[in-house]
Amino acid sequence: MSNTVYHSKHGGMWIDAEDWRERLADRHLSQEDKDRLERFVRDGYIILEQAASPEAVDAFQAEIARSFRFGNPDVLFQSHGSQETLPLTEAVDRLGSRVVDAYVPLRQALDLFSSPELVRFLRLIFDEDPLLFQGLNFDQGSQQGLHQDTAYVVLNRPMELAACWIALEDVQAGSGELMYSPGSHRLPDWDFGPDRKHWDRSVDGDATHDEWSQFLRSKAEASEHGIQTFLARKGDILVWHADLAHGGSPVTRPELTRQSLVGHFCPLSGRPRYFDYGPIRHTVRRWGSIAYSSGHYDLALRDAPEPVALPEGASSSPHIMADPEAASSTNLL
């Protein structure tokens with residue numbers, strides 16, 4: 001049994017261990033990698049400037065715009081103010097809508113999530129290949145209050161989670177900029193139930209959720225760096241820690257867009273909760289240097305890919321398939 005001591009009682013990545021500095025010193029990394037890791041440990045996020053190529057951003061933007069203009073039934077979206085997920089069967093006003101797991105129907109999204117600097121950093125913190133398992137494409141700022149992803153994004157190892165936010169355009173003030181509280185990933189654990197990091201409305205109720213939200217807000221406002229906003233440039237990628245308090249600023253200029261692509265990642269050996277919902281949710285595909293799965297799409301039925309062998313010691317991992325459309329899909333595990 002491991003004697004490693006982590007900041008959270010729920011464990012974490014190696015960078016969350018008490019001896020992370022010693023572990024970092026033992027690794028043969030460039031000074032740039034070490035500096036990024038130290039900033040991530042200190043602040044709970046890093047900004048990879050211009051890490052997504054303009055060509056990749058433009059390709060995705062063109063495809064998503066085409067889907068909303070003419071309809072694309074393979075794309076699943078939620079209209080403004082709704083949690084109902086529907087196929088985009090006809091032309092829809094994109095403003096205020098969001099697309100779920102765009103990386104399944106649109107390969108251009110996978111290209112963005114495979115940006116080399118992003119993948120390199122995720123491998124550094126996970127010590128294994130990253131699994132992309134939940135994505136959202138926003139046209140406007142979410143205006144969601146400060147929150148920690150561990151309350152909503154449920155994994156078997158809740159602290160082994162990182163997310164990224166990719167700017168698809170230059171962000172302007174008043175558009176609902178991404179906001180975050182540096183260092184908030186080191187707040188004490190907030191458990192909604194015994195040894196449970198995630199919120200369950202049916203068990204915990206809204207009052208407990210409100211209490212947690214107020215706790216995050218008060219801690220952020222009283223912290224050394226307060227609450228900061230991100231006026232990103234097109235192609236910037238912000239990567240944040242599982243417990244970083246973040247959200248969407250109020251939209252004060254509703255005529256503005258704030259187009260972005262969000263992805264949640266865990267180590268390839270991790271298990272998102274939706275894997276428990278049935279066998280069709282177990283399928284994991286490769287796209288070059290990353291793996292991906294979806295709680296909304298049945299990947300086992302898409303393109304009839306051939307199954308490939310799991311690496312040694314991964315018998316309990318989900319079913320991994322090669323993606324025949326990926327340029328480097330032969331580079332499996």
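Remember, predicted model here, so these are calculated numbers, not experimental data.
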Would a distance-only check, ignoring hydrogens and angles, find a side-chain to backbone donor-acceptor pair under 3.5 Å from [X] to [Y]?
{"X": "Ser142", "Y": "Phe138", "result": "no"}
{"X": "Ser184", "Y": "Ala245", "result": "yes"}
{"X": "Ser218", "Y": "Phe215", "result": "yes"}
{"X": "Asp170", "Y": "Lys234", "result": "yes"}
{"X": "His147", "Y": "Gly145", "result": "yes"}
{"X": "Ser175", "Y": "Val171", "result": "no"}

Describe, in one word, how the ring planes of [X] and [Y] are oriented to each other, choosing from parallel (under 30°), tilted (30 to 60°) and perpendicular (over 60°).
{"X": "Phe77", "Y": "Phe68", "result": "perpendicular"}
{"X": "Phe192", "Y": "Trp212", "result": "perpendicular"}
{"X": "Phe40", "Y": "Phe121", "result": "perpendicular"}

Is the shortest distance from a Lys or Arg side-chain nitrogen in [X] or [Y] to a carboxylate oxygen in the other one below 4.0 Å?
{"X": "Arg258", "Y": "Asp139", "answer": "no"}
{"X": "Arg217", "Y": "Glu221", "answer": "yes"}
{"X": "Asp33", "Y": "Arg27", "answer": "no"}
{"X": "Arg186", "Y": "Asp16", "answer": "yes"}
{"X": "Arg23", "Y": "Asp19", "answer": "yes"}
{"X": "Arg120", "Y": "Glu117", "answer": "no"}
{"X": "Glu32", "Y": "Arg36", "answer": "yes"}

Can you find a side-chain donor-acceptor pair between [X] and [Y] that sits under 3.5 Å?
{"X": "Ser249", "Y": "Gln143", "answer": "no"}
{"X": "Gln259", "Y": "Gln61", "answer": "yes"}
{"X": "Asp236", "Y": "Gln50", "answer": "yes"}
{"X": "Asp35", "Y": "Gln31", "answer": "yes"}
{"X": "Ser181", "Y": "Gln228", "answer": "no"}

Heavy-atom side-chain contact between [X] and [Y] under 4.5 Å:
{"X": "Lys34", "Y": "Leu24", "result": "yes"}
{"X": "Ile166", "Y": "Cys164", "result": "yes"}
{"X": "Asp129", "Y": "Leu122", "result": "no"}
{"X": "His185", "Y": "His7", "result": "no"}
{"X": "Ile15", "Y": "Tyr6", "result": "no"}
{"X": "Val104", "Y": "Leu299", "result": "yes"}
{"X": "Tyr274", "Y": "Ser293", "result": "yes"}
{"X": "Asp149", "Y": "Asp243", "result": "no"}

Determine the minimum heavy-atom distance between [X] and [Y], stating which atoms define it.
{"X": "Pro158", "Y": "Thr150", "result": "O-CG2, 3.5 Å"}
{"X": "Glu63", "Y": "Leu106", "result": "CG-CD2, 3.5 Å"}
{"X": "Ile125", "Y": "Ala162", "result": "CD1-CB, 3.9 Å"}
{"X": "Ala91", "Y": "Arg69", "result": "CB-O, 3.1 Å"}
{"X": "Ser115", "Y": "Ala51", "result": "CB-O, 3.6 Å"}
{"X": "Leu88", "Y": "Ser67", "result": "CD2-O, 3.3 Å"}

Please round to the nearest 0.5 Å and tell me the distance separating atom [atom1] of [X] and atom [atom2] of [Y].
{"X": "Leu95", "Y": "Ser79", "atom1": "CG", "atom2": "OG", "value": "12.0 Å"}
{"X": "Arg273", "Y": "Gln134", "atom1": "CZ", "atom2": "CD", "value": "12.5 Å"}
{"X": "Glu169", "Y": "Leu256", "atom1": "CD", "atom2": "CG", "value": "8.5 Å"}
{"X": "Leu29", "Y": "Leu37", "atom1": "CG", "atom2": "CG", "value": "6.5 Å"}
{"X": "Ser260", "Y": "Glu177", "atom1": "OG", "atom2": "CD", "value": "12.0 Å"}
{"X": "Leu268", "Y": "Glu128", "atom1": "CG", "atom2": "CD", "value": "6.0 Å"}

Reference residue His246; test ring pair (Phe, Tyr, Trp, His ring centres under 6.0 Å); the match among Phe230, Trp165, Trp240, Tyr180: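 Going through Phe230, Trp165, Trp240, Tyr180 one by one, the ring pair (Phe, Tyr, Trp, His ring centres under 6.0 Å) with His246 is satisfied by Trp240 alone.
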
Please lay out, stage by stage, how Ile64 and Arg94 fare under the test side chain to side chain contact (heavy atoms under 4.5 Å, CB included). CA-CA 9 Å; Ile64 202 73; Arg94 183 182 176 189; 3.4 Å; yes

Please indicate whether Glu224 has more than 12 foreign heavy atoms, meaning atoms of other residues, nucleotides or ligands, lying under 6.0 Å from its CD.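 Atom CD in Glu224 is not packed in, count stays at 12 or less.
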
Atom CD of residue position Glu18 - does it have more than 12 heavy atoms of other residues, nucleotides or ligands inside 6.0 Å?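 No, the 6.0 Å shell around CD holds no more than 12 heavy atoms from other groups.
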
Audit row: Gln140, Thr257, side chain to side chain donor-acceptor pair (under 3.5 Å) steps and yes/no: CA-CA 5 Å; Gln140 289 187 307; Thr257 59; over 6 Å; no

Hydrophobic cluster membership, with links at side-chain heavy-atom distances under 4.5 Å among I/L/V/M/F/W/Y: are [X] and [Y] in one?
{"X": "Trp190", "Y": "Tyr152", "result": "yes"}
{"X": "Leu146", "Y": "Tyr45", "result": "no"}
{"X": "Leu48", "Y": "Leu231", "result": "yes"}
{"X": "Tyr103", "Y": "Phe60", "result": "yes"}
{"X": "Trp287", "Y": "Val100", "result": "yes"}

Where do Phe133 and Cys266 land on the side chain to side chain contact (heavy atoms under 4.5 Å, CB included) test, with the steps shown first? CA-CA 8 Å; Phe133 66 94; Cys266 67; 3.9 Å; yes

Among Arg196, Lys9, Lys197, which residue meets the side chain to side chain donor-acceptor pair (under 3.5 Å) test with Asp191?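 Of the listed options, the one satisfying the test is Lys9.
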
Go through it in stages, so that I can follow the logic: the residues are Leu112 and Leu168, the test is side chain to side chain contact (heavy atoms under 4.5 Å, CB included), and I'd like the CA-CA distance, side-chain angles, deciding distance and then a yes or no. CA-CA 10 Å; Leu112 286 171; Leu168 303 178; 4.0 Å; yes

Would you please test Phe265 and Leu131 for side chain to side chain contact (heavy atoms under 4.5 Å, CB included) and show each step? CA-CA 5 Å; Phe265 293 85; Leu131 170 65; over 6 Å; no

